[in-house]
> 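Below is the structure I would like to discuss, written out as structure tokens.
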Amino acid sequence: MPDTHHTDDTVRGLLQFTIPTGEIPVTQVNPTGGGRDDPKTGNYEMREVTVQNGRPISDELNLEIDGFEFHEHKTVVTDFTDNEQIENIYYPELEKLLLNVTRAEKILIFDHTIRIGDPEKRSKLGVRDPVRSAHNDFTDRSAIQRVKDLLPASEAEERLERRFTSINVWRPLIGPVKIDPIAICPWDSIGPEDMIPAERVYNDRVGGILNLSYNPKQRWTYFPDMQSDEVILLKCFDTLRDGRARWTAHASFENPDGIDPKLPPRESIEVRTLIFY
């Protein structure tokens with residue numbers, strides 16, 4: 001039975017896409033922060049796509065052109081279930097990485113999500129499962145609103161007059177990742193009509209993301225056998241509209257041929273940031 005790691009340049013994988021109907025897809029976010037969210041509206045479909053091995057081109061990837069990058073990045077965190085370690089050790093580690101990569105003025109790390117594929121462990125820890133639906137984490141409107149939500153009013157007003165971006169940092173907690181690897185669709189293969197604004201309803205606010213509809217021109221990339229000392233930087237927003245990458249799409253994908261059930265389920269952490277220039 002084949003698994004998702006091939007020595008070939010590509011694999012075939014199943015991804016979930018949103019079917020455009022003219023209706024805004026709405027999802028109720030699980031208030032406990034764990035488990036699967038509840039789609040209220042929206043139509044979805046599974047499509048088999050070709051996913052390219054990104055390791056041979058990892059040194060060529062650029063946030064401003066492709067919308068994502070791949071980096072080796074060690075951490076001294078010993079327990080990612082410990083929020084104090086994440087906030088006091090991991091956040092500063094990522095701030096240093098992102099300042100070096102972006103040369104920005106300020107990095108604001110505002111939350112993180114741990115995803116675990118094993119249902120029993122996921123329920124015990126109260127964390128989320130891997131996301132199947134291809135999406136980007138911000139819309140034009142929701143990115144601006146997030147700045148207003150997270151910064152004092154006077155600072156937000158000043159920051160919104162200049163460029164800001166959002167970058168997610170995705171890391172496996174155990175490796176190599178064989179099950180539910182993350183696939184990324186670069187900026188330059190997303191058509192103008194491919195992104196569908198969608199809403200995520202929280203207890204205290206309504207967030208906006210962009211769901212992806214299927215387009216055969218889209219390209220997909222993954223990094224087979226990712227280890228816990230490797231990260232992917234995903235651009236989720238950029239205020240500039242000068243041709244550079246403004247966002248990407250991403251989701252976990254399934255191997256339609258099946259994988260060895262003895263392999264460990266995926267465990268990962270994604271950290272969300274706003275980056276000010």
Side-chain angles (χ1 to χ4, degrees), residues 27-38 71-102 104 106-131 135 137-138 142-143 145-152 155-156 164-175 177 179-182 200-207 209 226-237 250-252 264-276:
T27 297
Q28 180 68 49
V29 178
N30 189 314
T32 65
R36 189 178 296 274
D37 298 327
D38 181 21
H71 291 267
E72 292 185 5
H73 183 259
K74 296 185 183 300
T75 177
V76 297
V77 174
T78 57
D79 182 2
F80 276 95
T81 67
D82 181 352
N83 279 334
E84 287 193 8
Q85 284 200 45
I86 293 176
E87 294 178 6
N88 297 328
I89 299 174
Y90 193 49
Y91 282 12
E93 288 176 342
L94 294 189
E95 181 178 2
K96 182 178 179 181
L97 170 67
L98 290 169
L99 283 172
N100 183 58
V101 169
T102 66
K106 176 177 179 175
I107 309 294
L108 174 61
I109 297 175
F110 61 89
D111 75 10
H112 66 273
T113 299
I114 291 176
R115 301 190 185 277
I116 293 179
D118 177 73
E120 184 176 342
K121 187 172 184 179
R122 182 169 67 237
S123 177
K124 180 180 179 181
L125 294 176
V127 297
R128 299 189 180 278
D129 53 347
V131 175
H135 69 286
D137 282 18
F138 276 121
S142 67
Q145 184 60 50
R146 209 73 184 106
V147 174
K148 294 178 179 179
D149 292 341
L150 294 168
L151 292 179
E155 183 181 358
F164 77 91
T165 67
S166 174
I167 293 173
N168 282 7
V169 184
W170 191 94
R171 177 193 294 272
L173 299 184
I174 56 174
V177 175
I179 297 178
D180 293 328
I182 186 172
R200 291 177 58 79
V201 180
Y202 300 82
N203 283 344
D204 57 348
R205 67 184 182 90
V206 177
I209 65 172
M226 278 190 69
Q227 300 285 353
S228 58
D229 60 355
E230 297 176 322
V231 297
I232 299 172
L233 309 184
L234 296 166
K235 185 186 279 193
C236 294
F237 184 74
H250 58 277
S252 64
R266 190 187 97 186
E267 298 186 13
S268 62
I269 182 171
E270 59 207 61
V271 173
R272 300 178 183 88
T273 75
L274 292 171
I275 299 178
F276 301 98

> Measuring from L98:CG to I107:CD1, what's the distance to the nearest 0.5 Å?
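Here the rounded value is 5.0 Å.
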> Nearest 0.5 Å, please: how far is NE2 in H73 from CG in D229?
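Those atoms lie 10.5 Å apart.
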> I need the minimum non-hydrogen distance between V271 and Y90, along with the two atoms involved.
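Reported closest heavy-atom pair: CG2-CE2, 3.6 Å.
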> Is a donor on one side and an acceptor on the other found under 3.5 Å between the side chain of R122 and the backbone of G117?
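Judged by distance alone, yes, a pair lies under 3.5 Å.
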> Looking only at heavy atoms, which two atoms of P92 and N88 are closest? And how far apart?
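Closest pair (atom of P92, atom of N88, distance): CG-O, 3.4 Å.
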> Taking E230 for its side chain and Q227 for its backbone only, find out whether a donor-acceptor pair lies under 3.5 Å.
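Yes, the answer is positive, given that a donor and an acceptor are paired below the 3.5 Å cut-off.
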> Output, in order, the C-alpha distance, side-chain angles, deciding distance and verdict of side-chain contact (heavy atoms from CB on, under 4.5 Å) for R200 and H135.
CA-CA 12 Å; R200 291 177 58 79; H135 69 286; over 6 Å; no
> For the residue pair F237 and F164, categorise the inter-ring angle as parallel (less than 30°), tilted (30 to 60°) or perpendicular (more than 60°).
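Aromatic pair F237/F164 classed tilted.
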> Run the side-chain contact (heavy atoms from CB on, under 4.5 Å) check on L151 and K106 step by step: do they pass?
CA-CA 12 Å; L151 292 179; K106 176 177 179 175; 3.9 Å; yes
> Which heavy atom of K148 sits nearest to which heavy atom of A156, and what is that distance?
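K148 and A156 have their closest heavy atoms at CA-CB, 4.1 Å.
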> Can you tell if the side chain of H71 reaches within under 4.5 Å of the side chain of V169, non-hydrogen atoms only?
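A side-chain contact under 4.5 Å is absent here.
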> With sequence neighbours left out, write down each residue that passes side-chain contact (heavy atoms from CB on, under 4.5 Å) with L150, or none if nothing qualifies.
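Here the qualifying residues are L108, F110, R146, L274.
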> Should the heavy atoms of other residues, nucleotides or ligands under 6.0 Å from NZ of K96 be counted, would the total exceed 12?
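12 or below, so no.
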> Is any side-chain heavy atom of D137 closer than 4.5 Å to a side-chain heavy atom of L234?
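Not in contact.
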> Rounded to the nearest 0.5 Å, what separation is found between the OG atom of S268 and the CD1 atom of I182?
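Output value for this atom pair is 7.5 Å.
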> Once you round to the nearest 0.5 Å, how far does CZ of F138 lie from NZ of K235?
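It is 14.0 Å, given to the nearest 0.5 Å.
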> Checking S228 side chain against L173 main chain: does a donor-acceptor pair fall under 3.5 Å?
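No; judged by distance alone, with no hydrogens or angles, the pair does not exist.
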> For a 4.5 angstrom cut-off between non-hydrogen side-chain atoms, does L94 reach T273?
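A side-chain contact under 4.5 Å is absent here.
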> For Q85 and T78, indicate whether the former's side chain and the latter's backbone hold a donor-acceptor pair under 3.5 Å.
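Yes, Q85 side chain to T78 backbone: donor-acceptor pair under 3.5 Å.
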> Is the backbone of E270 close enough, under 3.5 Å, to the side chain of T113 for a donor and an acceptor to pair up by distance?
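Judged by distance alone, no pair lies under 3.5 Å.
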> Could you tell me if the side chain of V147 sits less than 4.5 Å from the side chain of F276, heavy atoms only?
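Side-chain contact under 4.5 Å: yes.
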> Working note: R128 + V29, criterion side-chain contact (heavy atoms from CB on, under 4.5 Å); need CA distance, chi angles, decisive distance, verdict.
CA-CA 11 Å; R128 299 189 180 278; V29 178; 3.2 Å; yes
> Any side-chain heavy-atom pair from R171 and T75 closer than 4.5 angstrom?
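SC-SC contact between R171 and T75 confirmed.
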> If you define the side chain from C-beta out and look only at heavy atoms, does anything of I209 sit under 4.5 Å from T27?
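Sidechains of T27 and I209: no contact.
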> Indicate the atoms forming the closest heavy-atom contact of P264 with I174, along with that distance.
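In terms of heavy atoms, the two residues are closest at CB-CD1, 4.2 Å.
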> Working to the nearest 0.5 angstrom, can you tell me the gap between R272 CZ and C236 SG?
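It is 8.5 Å, given to the nearest 0.5 Å.
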> Against I114, only a single residue in N83, L125, I86 fulfils side chain to side chain contact (heavy atoms under 4.5 Å, CB included); can you say which?
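Single pass found, and it is I86.
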> Quick one: CZ on R205 to CG on D149, what's the gap to the nearest 0.5 Å?
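Separation between the atoms: 6.5 Å.
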> Does L233 reach the side chain of V101, with side-chain heavy atoms less than 4.5 Å apart?
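In contact.
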> If we only count heavy atoms from C-beta on, is the K121 to E267 side-chain gap below 4.5 Å?
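They are in contact (side-chain heavy atoms under 4.5 Å apart), so the answer is yes.
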> Let's go through D180 and R115 carefully: what are the C-alpha distance in whole Å and the side-chain angles of both, what is the deciding distance for side-chain contact (heavy atoms from CB on, under 4.5 Å) to 0.1 Å, and is it a yes or a no?
CA-CA 11 Å; D180 293 328; R115 301 190 185 277; over 6 Å; no
